[in-house]
Amino acid sequence: MKPKTIIEPFRIRMTEPLPVTSPEHRAERLRGAHYNPFLLRSRDITIDLLTDSGTGAMSAAQWAAMMTGDETYAGSESYYQLQQVVSELAGHKYVIPTHQGRSSEHILFSAMDVAGKHVLANSHFDTTRANVEYLKGEAIDLVIEEARNPASLHPFKGNMDLGRLQSHLEREGERVALVLMTVTNNAGGGQPASLENLRAVAELAHRHGKPFMLDAARFAENAWFIHEREPGQQDRSPREIAQEMFRLADGFTMSAKKDGLVNIGGLLCLNDDALAETARALLILTEGYPTYGGLAGRDLAALAVGLQEVTDPAYLEYRIASVRYLHTLLDKLGMPLMHPAGGHAVYIDAGKLYPQIKPWEFPGVALCNELYLEGGVRAVEIGTLMFGKPDPDGGHDRTAPMELVRLAFPRRTYTQSHVDWLGEVMADVFERRGRAAGYRVRKQGEILRAFTAQLEPLT
Ligand code: F0G
């Protein structure tokens, strides 16, 4: 017999209590957080879908590895274990640990000196874009047209638009510092890129003498989608596919807090000798010695195990199925969604849900706050608060391409009944959609404003 139900391929033997709060308590806490869910405390949140970054559960094998982590400053055995695992997976000459993804990005873009240059990506995620811009480079997104249409069922909406990439390289090639593919494409709905597209992007970049890099935060989920959807890939394991993805690239940055299955950590892997030397010098300046890169030895040890567990087909099948389960549930309610379901998250088209709220009045923020008030659920806006910019002349904010709300799933953390409960909260929020109103920013920072902005309701 082959059961149709896809189960969690693990047992749970350690638990954390789940805070359940009253509507009055939540209204007060949201006011105190200036209507920005980033400013809430975890004890006031029932289901936290803010991010899948560093919020998952580690396995017993990972915890066991932590106990034998080697805390030697230079030459730690845990580093060499990690290096071996990463080399087998990705094959790059230099394996540089960092404390998380954005630090890898900052070091890479500094070492490549992107000032005055273009970084071409399918889509840059917010920290990636912010690091390019902070270093005076220009982050340019060249994702395929279908990616901007939430209803499109294209199986690889994370693909790069090859025509636009080619013409950009031909037109302004001398200004291009590197070509980057984010897998899966977080800013565009957790959508995968196909192997065919990755091969073509690598080929185009190399033909123009440009390095091709991956932002590999969710490489295993991307590999699973290729295994499921791309013609001719069904007989290859996610691990084999991931190995090919990595080998197409001259290097990669990785936030290990996602598909590394750890709570903290990152990687920067490179082939180029001179670039790696500069990167390591910068690493010593801000992160630490190259065999620990800002992490404890035990963190390196847990990551070495996580990078092996994450390509297990049973885990990936469960992971993708659990996100799809919520997607199907919300679709049945009539919620406007980004289709198809993403790898790590479900994205709601808040602009469409709330046509009465203008993009510069943050429909995504309105939805996040409704979700919190209704059920103590925390989600994150991926729209104009995150990607828009204040107008220098004091007009409306420059708006983002889409007004999305992301429900990101921590790995191995919530069960099906949590999702069913979430579906009930969603149904109530959907019913009340005509009454939602927008927000105005009261206070904001210049860099990555979504994390700290203070808002107030417009009604
Ligand atoms: N690249 C991608 C595609 C990401 O999604 C993130 C983080 C980073 C880089 C930066 O990594 O957080 O380890 O410094 N994304 C998180 C999120 C924060 O919620 O999607 P980091």
Side-chain angles (χ1 to χ4, degrees), residues 9-16 42 51-108 216-221 239 242-243 246 251-270 276 279-312 314-316 319 410-413:
F10 47 81
R11 298 182 291 224
I12 302 166
R13 289 207 204 277
M14 201 161 82
T15 65
E16 284 175 14
S42 74
T51 177
D52 63 322
S53 183
T55 51
M58 291 207 298
S59 66
Q62 287 179 288
W63 283 108
M66 288 192 85
M67 292 303 290
T68 52
D70 177 357
E71 303 304 338
T72 303
Y73 187 95
S76 156
E77 269 316 298
S78 300
Y79 170 75
Y80 291 105
Q81 283 158 13
L82 175 65
Q83 186 195 40
Q84 198 181 347
V85 169
V86 176
S87 297
E88 188 269 329
L89 174 68
H92 296 92
K93 195 166 166 193
Y94 299 98
V95 176
I96 303 171
T98 62
H99 84 276
Q100 62 183 79
R102 66 198 70 183
S103 148
S104 304
E105 292 162 2
H106 190 78
I107 291 171
L108 176 68
R218 298 176 182 85
F219 74 95
E221 290 167 7
R239 190 154 194 97
Q243 285 169 329
F246 281 118
F252 65 91
T253 59
M254 182 193 289
S255 167
K257 301 169 74 171
K258 286 81 170 176
D259 278 351
L261 300 181
V262 287
N263 303 116
I264 193 72
L267 287 171
L268 172 59
C269 294
L270 299 166
R280 279 184 161 166
L282 291 169
L283 184 87
I284 295 173
L285 195 64
T286 58
E287 294 281 287
Y289 192 74
T291 58
Y292 75 85
L295 294 169
R298 63 182 80 99
D299 299 324
L300 303 171
L303 177 56
V305 178
L307 286 173
Q308 296 176 79
E309 290 181 352
V310 76
T311 51
D312 173 10
Y315 162 74
L316 285 169
R319 169 75 176 155
R411 290 168 182 75
R412 308 189 285 204
T413 301

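Note that the structure is predicted; figures quoted are calculated from it, not measured. Numbers here simply count residues along the sequence, with the first being 1.
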### Task
Taking all heavy atoms of S76 and all of T291, pick out the closest pair and write down the distance.
N-OG1, 4.1 Å
### Task
May I ask you to test the D52-R411 pair for a side-chain heavy-atom distance under 4.5 Å?
yes
### Message
Within the supplied structure, the quantity of interest is the number of heavy atoms (other residues, nucleotides, ligands) at a distance under 6.0 Å from E71 CD; does it exceed 12?
### Response
yes
### Query
Please walk me through it: do F219 and V310 pass side chain to side chain contact (heavy atoms under 4.5 Å, CB included)?
CA-CA 10 Å; F219 74 95; V310 76; 3.7 Å; yes
### Query
Rounded to the nearest 0.5 Å, what separation is found between the CD atom of Q62 and the CD atom of Q308?
10.0 Å
### Task
Quick one: pull up OG1 in T55 and CG in N263 and give me the separation to the nearest 0.5 Å.
8.0 Å
## Note on the structure
CD of E77 to CD of Q83, rounded to nearest 0.5 Å, is 10.5 Å
### Message
I want to check something: taking the side chain as every heavy atom from C-beta on, are I264 and K257 in contact at a cut-off of under 4.5 Å?
### Response
yes
#### Entry: Main-chain N/O of A74 paired to T72 side chain as donor or acceptor, under 3.5 Å
no
### Check: Q243 side chain, E88 main-chain N or O, donor-acceptor pair, under 3.5 Å
yes
### Message
How long is the straight-line distance from OH of Y315 back to CD of E221, given to the nearest 0.5 Å?
### Response
5.5 Å
## Note on the structure
dist H99:NE2 -> L283:CG (nearest 0.5 Å) comes out at 11.0 Å
#### Entry: Candidate pair L307 and V86, rule side chain to side chain contact (heavy atoms under 4.5 Å, CB included), full reasoning
CA-CA 8 Å; L307 286 173; V86 176; 3.7 Å; yes
## Note on the structure
Here the pair of heavy atoms bringing D259 nearest to A220 is OD2-N, 2.9 Å
#### Entry: Atom of M66, atom of R298 and distance for their closest heavy-atom approach
O-CB, 3.4 Å
### Task
Tell me, with the steps shown, if L108 and L270 meet side chain to side chain contact (heavy atoms under 4.5 Å, CB included).
CA-CA 9 Å; L108 176 68; L270 299 166; 4.0 Å; yes
### Query
What's the shortest heavy-atom distance between A256 and L303, and which atoms?
CB-CD1, 3.5 Å
### Query
Considering all heavy atoms of both residues, which atom of E309 and which atom of L261 are nearest to each other, and what is their separation?
CB-CD1, 3.9 Å
#### Entry: Contact summary for T68 and S78, nearest pair of heavy atoms
O-OG, 4.4 Å
#### Entry: Residues T286, S103; criterion side chain to side chain contact (heavy atoms under 4.5 Å, CB included); working and verdict
CA-CA 9 Å; T286 58; S103 148; 5.7 Å; no
### Message
Side chains of M58 and V262, heavy atoms from C-beta outward: is any pair under 4.5 Å?
### Response
yes
#### Entry: Side chains of L268 and E287 in contact at under 4.5 Å (non-hydrogen atoms)
no
### Task
Kindly state whether the ring of Y79 and the ring of Y292 have centres lying under 6.0 angstrom apart.
no
### Task
Indicate yes or no: at least one non-hydrogen side-chain atom of R239 is less than 4.5 angstrom from one of L89.
yes
### Query
Hey, what's the ring geometry for F246 with H92, parallel, tilted or perpendicular (30° and 60° as the breaks)?
perpendicular
### Query
Just wondering, more than 12 heavy atoms not from R412 lying within 6.0 Å of its CZ?
yes
#### Entry: Distance (rounded to the nearest 0.5 Å) between L267 CG and T98 OG1
6.5 Å
